[in-house]
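Take a look at the structure below.
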Amino acid sequence: MAQQVYDLPCDGEGTCMACKNKPTAEESLACKTCATPWHVACLSVRPNSLADTLQWDCPDCSLLSANPVPASGAGESSSSGGLIAAICAIESDSSLTEREKAKRRQQLLCKDAGPSDHKEETNGDDNLLSILDGLNCSFCMQLLERPVSTPCGHNFCLKCFTKWIGQGKRNCANCRKEIPPKMARLPLINSTLVTVIRMAKMAKANAAVGTSRDYPVIRNEDRPDKAFSTERSVKRGNANAASGKIFVTTPMDHFGPILPENDPMRNQGVLVGETWENRFECRQWGVHNPHISGIAGQSKHGAQSVTLSGGYEDDEDHGEWFLYTGSGGRDLSGNKRTNKEHSFDQEFENSNEALRLSCRRGYPVRVVRSHKEKRSSYAPEKSLRYDGIYRVEKCWRKTGIKGFKVCRYLFVRCDNAPAPWTSDVHGDRPRPLPIIEELNVAIDITERKESPSWDYDEEKGCWMWKKPPPCSRKRANNRHSEEGKRTKKVKRQAQNKSVKEKLLKAECSCYICKKVMTSPLTTPCAHNFCKSCLEGAFAGQSYVKQRTCEGRRTLRAQKNTMKCPSCSNDIAEFLQNPQVNRELMEVIESLQREIAKENEESKEEADGIHEKAEGVDVSNEIVEEAKENNLKGQIESEIQQTEKLKKTSGKCAQNRGRKKGSTSRKQLDDGNNGVDPSEPEKAVGEELQDPVAERKL
DNA sequence: GGGCCCGCAGGG
DNA sequence: CCCTGCGGGCCC
């Protein structure tokens, strides 16, 4: 975050925490504000004069009062002028991205208010931001990282705390209260605190985003012309990109050629032989929508297009006709999106069923060939190429090369324009179907019974719709359309809210009363309870009923014990003088306020949408949507991270929704219960190389 | 060139 | 909300 190196003071014994030496009285300097001794030699900025020495504010205290921009001592007008100048400086810094600029602006504004100043409630997030500032570790002055909480209610980074203990200290660095030996031996991460810090961070990032216009932009017209990396994408470029603008006006489930009337940009439609660099571009011209999947379609509606990319070795390309293989049947565990290996049978379901429906109805199917298809003479040398309209004449299942059943489709070309590889000047004429040998061993053969929707008109001498094309189930240009997104927006809002609420409820609830904690106590075993609940649970009782093991519902009476209701650790000593974890309390409270505020806002917004006429006040909405979408991404990734931390087995499959032990055919087939033995444990291991932390989480 | 990774977008 | 997917970048 900050490049600034933080200085370290002397500890309770007078030893410099930076150099580990014990400075003499002359070598140390006391802060005029907090009276903490500091080793002069280890200070990054030392006082210049004796006068300075007497009026010296330690780095911690001066950090709070003196901010480099704007000049703090200046009058109000010049202060705001300085602020404007500082913002201008940030704006004009070309080395910064929009997001970084937003971050800087946010930092600037937060700092400007200062901790002791009364903050105006101009922005509800201010409160949250200052709370986050209050969650700094007393040692390193940074936001708590892997926080551990002392029974006296103070929080430190695990690293700093361990360092402190390693120096032989056995008292709290904040209040000098004794640290229980058990905690000194094995400090446990306060996972509730981890969660609230994350949530507060999310809100903070959200606030920063609100000041800038950055991706992901929701509406189609706001998307860039090329695929773009979103902020949450770690990899730049097109590896994990989001789609660029859709240039055509056809709905996503449009059948048949892309006509000039659907091409407002060029007014020519998509012509046979047009090429694109990648799948995103192909998608942007409405030819083949999904950016990975080979088949575009819906099982109840039909398939609109396919791509031949050599992904399935059973494919067989003869140009004017080809045999296509359905999707699925492959093991995608271990976070894969594709896989050459077949490991179970394909069925006529989902997109395979969609393609079968297109076969039955005789719908026109757009075909794209990719340079990735190496075994076909008809594939382009590079890029992707639109090869025109085909019809699926038959489909069936057969045993594929790898021994598993695959869905098969006979595609025959039926386009009015000549194929890119032919010297013909005219398009296709109806032709007899090729003889397919494998049909002799095929099962589940489907042939079209009804007359095809797309057929050759002898009179007109061209291919055309003989029956009206299927009604689109999507609106025209629903991909990223404003209309579609508006409803989605409301939905998303509700989702975000419930995610936050759920998180707070799930992570910050008292084990005893099941409600979000008020005045939380953190036990030495790092569990959190309402003060009243925990004290009440043991008040005047000679024995206590409690769950013996988390996850089991058995209640067992245990005599004369004061054990943590969550983990059964002895907390008798802790209960003698339990201290509220104030920092935790404050964050929880501000998060609750935040959620309440959002509830109110979304209520207003929902009312507003009802009343609002089309297209009014869109500008504000763009920002709102960008903001929300961003938050959603953050929440998702945060939740994923939380999940990762919680389940050490979460791995990267989390994102894929593949969980250990969930049954699927592929897993049964390869007999290793779906666990890829080569799958690295990395994500969690790196994050928490500390065995202690890992144990806890 | 193969393996690995993972955000996106859509279907259901 | 979960699941799927004939991508694309990067590393070896």
Side-chain angles (χ1 to χ4, degrees), chain A residues 215-216 218 223 227-244 246 252-253 276-283 288-301 303-315 317 324-342 346 349-354 367-376 379 383-384 406 473-474 478-480 484 488 491-492 494-495 498-499 502 629 632-633 636-637 639-640 651-659 662 664 666 676 678-680 682-683:
Chain A
Y215 296 125
I218 305 302
R223 290 188 172 237
F228 60 97
S229 318
T230 58
E231 289 300 338
R232 56 179 294 203
S233 167
V234 181
K235 292 181 188 170
R236 304 284 99 179
N238 283 339
N240 291 311
S243 164
I246 307 288
M252 205 177 61
D253 54 357
W276 304 282
E277 270 307 295
N278 53 45
R279 289 285 292 265
F280 280 115
E281 282 188 20
C282 174
R283 170 191 151 86
H288 187 72
N289 202 42
H291 82 275
I292 296 182
S293 181
I295 304 169
Q298 307 77 35
S299 59
K300 299 226 163 64
H301 195 57
Q304 295 86 25
S305 56
V306 297
T307 300
L308 287 111
S309 298
Y312 287 79
E313 55 183 342
D314 290 289
D315 287 2
D317 195 358
Y324 195 71
T325 312
S327 71
R330 308 194 297 190
D331 177 13
L332 298 182
S333 61
N335 216 3
K336 288 188 277 288
R337 302 294 179 266
T338 58
N339 185 351
K340 295 261 174 195
E341 296 296 309
H342 269 250
Q346 289 182 355
E349 53 189 22
N350 305 327
S351 51
N352 292 350
E353 178 59 18
V367 169
V368 173
R369 279 187 176 81
S370 159
H371 66 101
K372 286 186 161 187
E373 171 56 274
K374 298 290 180 207
R375 297 162 310 134
S376 165
S383 66
L384 290 116
V406 289
R473 301 184 315 164
K474 322 266 175 189
N478 188 300
R479 324 169 227 220
H480 324 308
K488 267 196 176 173
K491 223 168 142 186
R492 203 167 49 233
Q495 267 176 16
S498 68
V499 164
K502 274 184 198 162
N629 200 52
K632 185 188 171 197
E636 273 171 6
S637 64
I639 288 176
Q640 279 168 17
K651 300 179 195 169
C652 45
Q654 217 286 329
N655 182 29
R656 310 247 57 214
R658 287 181 224 295
K659 290 176 191 96
S662 75
S664 99
K666 47 199 164 236
D676 186 350
S678 61
E679 215 174 301
K682 176 174 122 222

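Note on naming: letters A, B, ... go to the chains in the order of the sequence lines (proteins, then strands), and numbering restarts at 1 for each one.
DNA chain B forms stems at B:1-6 with C:7-12, B:8-12 with C:1-5, each a run of 3 or more consecutive Watson-Crick or G-U wobble pairs whose two key distances fall under 3.5 Å.
Note: CG (A/Asn339) to P (B/dC5) measures 13 Å, nearest angstrom. For A/His288 and B/dA9, the NE2 to P distance is 15 Å, given to the nearest whole Å. Distance, A/Ile295 CD1 to B/dA9 C1': 16 Å, rounded to whole Å. Atom P of nucleotide B/dG12 and atom CE of A/Met252 are separated by 10 Å, given to the nearest angstrom. The CZ-P distance, from A/Phe228 to B/dC8, rounds to 8 Å in whole Å. Between the C1' atom of C/dG5 and the CG atom of A/Asn289 lies a distance of 13 Å, rounded to the nearest Å.
Within the nucleic acid shown, A/Ala296 has no heavy atom closer than 4.0 Å to any nucleic acid atom.
Atom NZ of A/Lys374 sits in a crowded spot, with more than 12 heavy atoms from other residues, nucleotides or ligands closer than 6.0 Å.
Proximity of a side-chain donor or acceptor of A/Thr307 to a complementary backbone N or O of A/Ser309 within less than 3.5 Å is not detected. Judged purely by atom type and a 3.5 angstrom limit, A/His288 uses its side chain to pair as donor or acceptor with the backbone of A/Ser293. Side-chain atoms of A/Ser229 come within 3.5 Å of backbone N or O of A/Gly237 as a donor-acceptor pair. No donor-acceptor pair closer than 3.5 Å links the side chain of A/Arg330 to the backbone N or O of A/Thr338.
In this structure, A/His342 and A/Tyr312 have perpendicular ring planes: the angle between them is above 60°, well past the 30° mark.
Taking the charged nitrogens against the carboxylate oxygens, A/Glu373 and A/Arg375 do have a contact shorter than 4.0 Å, which makes a salt bridge.
For A/Arg223, no side-chain nitrogen or oxygen approaches OP1 or OP2 of B/dC8 to under 4.0 Å. For A/Ser351, no side-chain nitrogen or oxygen approaches OP1 or OP2 of B/dG11 to under 4.0 Å. At the phosphate of B/dC8, OP1 or OP2 sits under 4.0 Å from a side-chain N or O atom of A/Thr230.
Between the side chains of A/Asp314 and A/Thr325, no donor-acceptor pair is found at a separation under 3.5 Å.
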| Would A/Gln304 and A/Asn289 satisfy side-chain contact (heavy atoms from CB on, under 4.5 Å), going step by step from the backbone distance to the final call? | CA-CA 9 Å; A/Gln304 295 86 25; A/Asn289 202 42; over 6 Å; no
| task | Produce a footprint string for nucleotides 7-12 of chain C: one letter per nucleotide, 5' end first; B if the base is under 4.0 Å from any protein heavy atom, S if only the sugar-phosphate is, - if neither. | result | BBB---
